[in-house]
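As the structure is a computational prediction, the values presented were derived from the model and not from experiment.
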Amino acid sequence: MKMKSVKSDMDIALEAELKPISEVAATLGIDETEIDPYGRYKAKLTDELMDRVKNNPDGKLVLVTAINPTPAGEGKTTVTVGLGEAMQVIGKKAIIALREPSLGPCFGLKGGAAGGGYAQVVPMEELNLHFTGDFHAITSANNLLAALLDNHIQQGNDLRIDPKQIVWKRCEDMNDRVLRNITVGQGRKADGVTREDHFIITVASEIMAILCLCSDMKDLKKRLEKIIVAYTYEGKPVTAKQLHAVGAMAALLKDAIRPNLVQTLEHTPALVHGGPFANIAHGCNSIRATKTALKLADYCITEAGFGADLGAEKFLDIKSRIAGLHPDAVVLVCTIRALKYNGGVPKDKLKQENIDALKTGIANLEKHIENIAKFDVPCIVALNHILTDTKDEIAYVKEFCESKGAEFALADVWADGGDGGKELAEKVVSTIENRPSEYHPLYPDSISLKEKIETIATEIYGAGRVEFSADSIKQLEKLTELGFGSLPVCMAKNQYSLSDDKSVLGRPRDHVIHIREAYVSAGAGFVVALTGTIVTMPGLPKVPAAEHVDVDDKGRIRGLF
């Protein structure tokens with residue numbers, strides 16, 4: 001591995017020489033008339049382009065996921081970007097398909113989400129902030145529906161909406177815990193009906209899920225029509241269609257449903273579109289972006305949020321099922337530091353060699369390898385290499401992975417970009433060529449919602465049983481009566497543990513998963529089950545990342561990472 005001076009991700013991104021986005025598009029055979037530029041370095045794809053390439057043969061689909069995230073860091077997005085760059089280095093035509101970052105974690109605990117080191121998507125600062133305005137459009141469409149709902153009640157309530165059974169929540173793309181539970185409509189009679197209300201973060205909105213799962217404008221509008229916003233006094237669902245909200249919402253989303261084209265530091269094309277969280281939503285970028293990427297290149301490198309128990313499970317059980325995708329391989333990212341953290345090593349001692357802790361903590365990786373095997377998709381473990389890793393530690397992880405039937409490769413992409421990912425890229429290509437995927441979902445549509453939840457909990461989380469609250473049992477029964485029993489389930493669970501208790505690391509066994517609530521995202525096409533104490537509006541940490549962000553006298557943003 002060649003050494004480079006240590007620079008911040010922001011400094012590396014600002015020093016990068018970007019190509020005009022039309023030149024990046026041209027490498028994919030895209031004419032400049034088939035993109036709508038947003039400045040010099042980012043653009044929206046046109047519907048005409050997506051229509052032109054729709055009959056092209058599909059490339060290979062590679063999903064990048066990871067072990068459960070730890071404070072030690074795993075670098076899933078960095079490896080995703082580096083793998084896309086490395087495919088280009090070894091002579092393969094590749095495109096990366098990512099989610100858009102949310103302002104919530106960007107200004108909260110996590111920071112930005114554009115990769116790191118020399119494996120970044122650029123312009124990094126624009127990507128992490130307003131980008132092309134997609135999230136603002138989603139927020140506006142969500143809150144327009146909320147406003148029309150409350151206005152309908154205020155103006156006579158012809159639909160007989162029960163204010164105690166309103167399920168549609170307002171949203172904003174920020175971590176703001178005080179908005180989780182609020183009271184609206186206070187003041188004069190003209191100020192609306194007083195009731196309890198709630199905010200969720202934009203990435204948990206059903207509008208976000210719909211945008212990421214729709215195939216075109218016609219499908220978008222059909223899905224918007226199905227959104228259930230409330231129930232009547234008689235217990236019947238009230239939809240966005242009944243509130244005459246669909247046309248205006250679609251108008252706000254007409255540009256947001258088109259994928260965004262940007263580039264990596266090495267000018268590998270990247271489609272960045274949509275951004276549902278994987279702990280409280282389905283965690284995958286848009287179907288439109290993924291399917292278009294498959295038509296434009298030989299390899300599409302995409303990712304799903306957080307660990308494989310969340311993002312990968314939802315990619316394989318929800319997105320692939322709905323879109324008819326057939327993943328060819330899964331890359332499972334880990335670091336030796338994160339494995340040792342799972343083995344009980346404090347964060348300040350992770351640089352020291354500790355084979356015993358590694359042997360304990362690798363149980364988390366083991367479970368994720370087993371989980372990918374349940375879908376019959378080949379698995380390649382990518383060890384995101386860090387300078388403090390020792391030869392013995394690397395050798396142990398390699399031997400362990402291969403003993404479990406997984407392929408193994410080192411990735412040095414943070415320091416070396418595409419060159420540092422050649423071993424991984426070659427391993428991915430050879431695996432796809434020699435081990436054909438026999439992908440299938442974990443469970444069939446035909447089993448009950450309760451059985452689907454139990455299957456995910458026991459098979460993927462390793463739980464011994466599932467405990468349903470009385471409310472959740474009633475909710476699941478009602479959803480089945482309403483005709484939603486055949487939908488897949490989107491589990492809302494903390495990302496840090498295979499259990500619903502974020503403090504339990506490693507590989508918990510025979511634990512209890514607690515289901516406290518269930519509701520349907522009818523437009524998106526899945527049922528959401530909330531576990532443990534998971535919340536849909538995060539809060540800021542004691543020292544938010546926002547405190548370190550600034551703009552210098554030349555207008556350059558500093559402090560994003």
- Would you say the side-chain atoms of T70 and E74 include a donor-acceptor pair closer than 3.5 Å? yes
- May I have the step-by-step check of side-chain hydrogen bond (donor to acceptor under 3.5 Å, both in side chains) for E85 and T264, ending in yes or no? CA-CA 8 Å; E85 293 177 330; T264 73; 3.0 Å; yes
- Identified side chain to side chain donor-acceptor pair (under 3.5 Å) partner of D134 from the options T202, T139, N260: N260
- Task: Look up atom CZ in R99 and atom CE in M208, then write down how far apart they are to the nearest 0.5 Å.
- Result: 9.5 Å
- Query: Between H273 and E100, what is the shortest heavy-atom contact and its length?
  - Reply: CA-OE2, 3.5 Å
- With a 4.5 Å heavy-atom cut-off, do Y439 and P441 have their side chains touching? yes
- Taking only residues two or more places apart in sequence or in another chain, which ones pass salt bridge (charged side-chain N to carboxylate O under 4.0 Å, His left out) with D317? R321
- Would D309 and N371 count as a side-chain hydrogen bond (donor to acceptor under 3.5 Å, both in side chains) if you check the C-alpha gap in whole Å, the side-chain angles of each, and the deciding distance to 0.1 Å? CA-CA 8 Å; D309 56 319; N371 286 348; over 6 Å; no
- Please examine the side chains of K226 and R223, heavy atoms only from C-beta on, and report whether any two atoms are closer than 4.5 Å. no
- Task: Would you mind checking if D47 and R288 are paired as a salt bridge, meaning a charged N to carboxylate O distance below 4.0 Å?
- Result: yes
Taking distance alone, no hydrogens or angles, what donor-acceptor pairs closer than 3.5 Å link side-chain atoms of residues 375-383 to residues at least two apart or in another chain?
unit_1 : atom_1 : unit_2 : atom_2 : d
D376   : OD2    : H440   : NE2    : 3.0

- Between the side chains of D173 and H136, is a donor N or O closer than 3.5 angstrom to an acceptor N or O? no
